[in-house]
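Note that the coordinates shown come from a computational prediction; the quantities given were computed from them, not determined experimentally.
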Amino acid sequence: MSPEVLSTPVVDTAKVPDRAQTRARAARRRKVLVMAARVLLLVVVLGLWEGLSRAGVIDPFNFSMPSKIWDQIWVWVTHGTALGSLGEQIWYTLYEALLGWGIGVVAGVLLGIALGRIRLLAEVLGPYIKVLNSIPRIVLAPIFLIWFGLGPSSKVASAVVLVFFPVFFNAFQGAREVDRNLVANARILGASDRRVTLQVVIPSATSWIFTSLHVSFGFALIGAIVGEYIGATKGIGLLVAQSQNTFNAAGVYAAMVILAVVALVAEGLLTFAERRIFRWKPAGSDS
């Protein structure tokens with residue numbers, strides 16, 4: 001045997017962890033860069049807003065300014081609102097949004113999976129769902145107010161109709177996109193329709209469903225806020241309405257900031273739960 005055959009190249013395994021460490025450092029640097037750019041953008045926007053308002057370039061009465069918005073939030077935190085403590089208003093709105101979100105998600109997932117699995121049911125109910133989906137759902141809030149009164153029930157109903165459809169369509173599409181080979185193999189192994197649905201279809205559709213959850217919670221907040229804005233006894237939406245009625249632009253923006261913080265916290269919790277459930281997915285698969 002010739003020396004050339006015996007002299008096979010040896011892979012330097014020490015370079016493999018070096019590459020991994022280099023990629024990890026690059027990822028950390030990119031994360032820091034992105035975070036710094038976000039903070040810088042926020043500072044620039046708020047600074048321009050404050051400066052233009054103080055200079056009179058934009059009307060501070062109509063557009064307010066960040067310092068006044070912060071003062072309004074601080075007053076609400078320390079002294080409460082005209083409706084009670086700020087925490088009570090946040091919890092009231094959050095309770096309505098969470099309850100409506102939960103009902104809408106459960107209904108959307110169950111009906112979406114059912115129609116995705118049962119073709120006859122999809123053919124019968126499909127036209128009705130399309131008609132209901134074509135109705136501007138925000139305009140239903142006054143109807144719910146007439147039906148259920150000023151209490152939380154009307155806001156929960158508004159949240160449900162806003163949440164249901166995105167969750168339903170994602171669950172329906174997820175059930176339709178299941179790998180047919182997996183279903184066929186499960187049936188060959190003797191799985192019943194119920195076991196196929198529970199052990200094959202629903203796990204396969206979970207990523208579709210989670211995609212809709214991120215968007216749908218924002219819709220639930222919108223439903224609760226719109227319902228409170230039209231008519232309520234408590235809640236952030238009522239704070240917006242009262243601030244508007246008194247021409248308090250800082251109060252309107254302050255309520256919007258509080259809602260944004262609540263939505264961001266909810267989004268963070270959903271993202272954390274999704275990562276825990278889908279730990280098997282590659283890190284770059286989300287993008």
Do the non-hydrogen side-chain atoms of [X] and [Y] ever get within less than 4.5 Å of each other?
X: Trp76; Y: Ile258; result: yes
X: Glu228; Y: Lys234; result: no
X: Ile129; Y: Leu115; result: yes
X: Phe165; Y: Leu132; result: yes
X: Asn62; Y: Phe247; result: no
X: Leu98; Y: Phe217; result: yes
X: Ile58; Y: Met65; result: no

Between Trp101 and Ser216, a side-chain donor and acceptor under 3.5 Å = yes
Any side-chain donor-acceptor pair under 3.5 Å between Gln72 and Asn248?
-> yes
Euclidean distance, [Y] [atom2] relative to [X] [atom1], rounded to 0.5 Å:
X: Ser158; Y: Ile230; atom1: OG; atom2: CD1; value: 7.0 Å
X: Leu111; Y: Leu121; atom1: CG; atom2: CG; value: 7.0 Å
X: Ser154; Y: Leu140; atom1: OG; atom2: CG; value: 12.5 Å
X: Ile90; Y: Leu94; atom1: CD1; atom2: CG; value: 8.5 Å
X: Gln21; Y: Arg23; atom1: CD; atom2: CZ; value: 10.5 Å
X: Arg137; Y: Ile135; atom1: CZ; atom2: CD1; value: 9.0 Å

Of all heavy-atom pairs between [X] and [Y], which one has the smallest distance, and what is that distance?
X: Ser212; Y: Pro166; answer: CB-O, 3.7 Å
X: Ala141; Y: Val226; answer: CB-CG1, 4.0 Å
X: Glu96; Y: Ala224; answer: OE1-CB, 3.9 Å
X: Gly108; Y: Ala171; answer: O-CB, 4.0 Å

Hphob cluster co-occupancy, [X] + [Y], side-chain heavy atoms under 4.5 angstrom:
X: Leu110; Y: Val163; answer: no
X: Val45; Y: Ile69; answer: no
X: Leu99; Y: Val160; answer: yes
X: Ile225; Y: Tyr92; answer: no
X: Val262; Y: Leu83; answer: yes

Close aromatic pair by centroid cut-off 6.0 Å: Tyr253 and Trp49 | yes
Taking the inter-plane angle between the rings of Phe164 and Phe168 on a 0 to 90° scale, is it parallel (under 30°), tilted (30 to 60°) or perpendicular (over 60°)?
-> parallel
Full working for side-chain contact (heavy atoms from CB on, under 4.5 Å) between Val34 and Arg38 = CA-CA 6 Å; Val34 170; Arg38 290 174 178 173; 3.5 Å; yes
So, does [X] use its side chain to make a donor-acceptor pair with the main chain of [Y] at under 3.5 Å?
X: Thr93; Y: Ile236; value: yes
X: Ser64; Y: Pro60; value: no
X: Lys155; Y: Leu150; value: yes
X: Ser134; Y: Val131; value: yes
X: Ser153; Y: Gly149; value: no
X: Gln244; Y: Val252; value: no

Take Phe144 and Val161 through the side-chain contact (heavy atoms from CB on, under 4.5 Å) test and state the conclusion after the steps.
-> CA-CA 11 Å; Phe144 293 145; Val161 297; 3.8 Å; yes
Yes or no on side-chain contact (heavy atoms from CB on, under 4.5 Å) for Ile209 and Asn170, after CA distance, side-chain angles and deciding distance?
-> CA-CA 6 Å; Ile209 295 169; Asn170 272 44; 5.7 Å; no
Is Arg25 atom CZ crowded by more than 12 heavy atoms from other residues, nucleotides or ligands, each under 6.0 Å away?
-> yes
Has Tyr95 got more than 12 heavy atoms of other residues, nucleotides or ligands less than 6.0 Å from its OH?
-> no
Let me see the working for Val167 and Val215 under side-chain contact (heavy atoms from CB on, under 4.5 Å), right down to the final yes or no.
-> CA-CA 9 Å; Val167 176; Val215 179; over 6 Å; no
Residues Glu50, Arg54: salt bridge by 4.0 Å N-O rule | yes
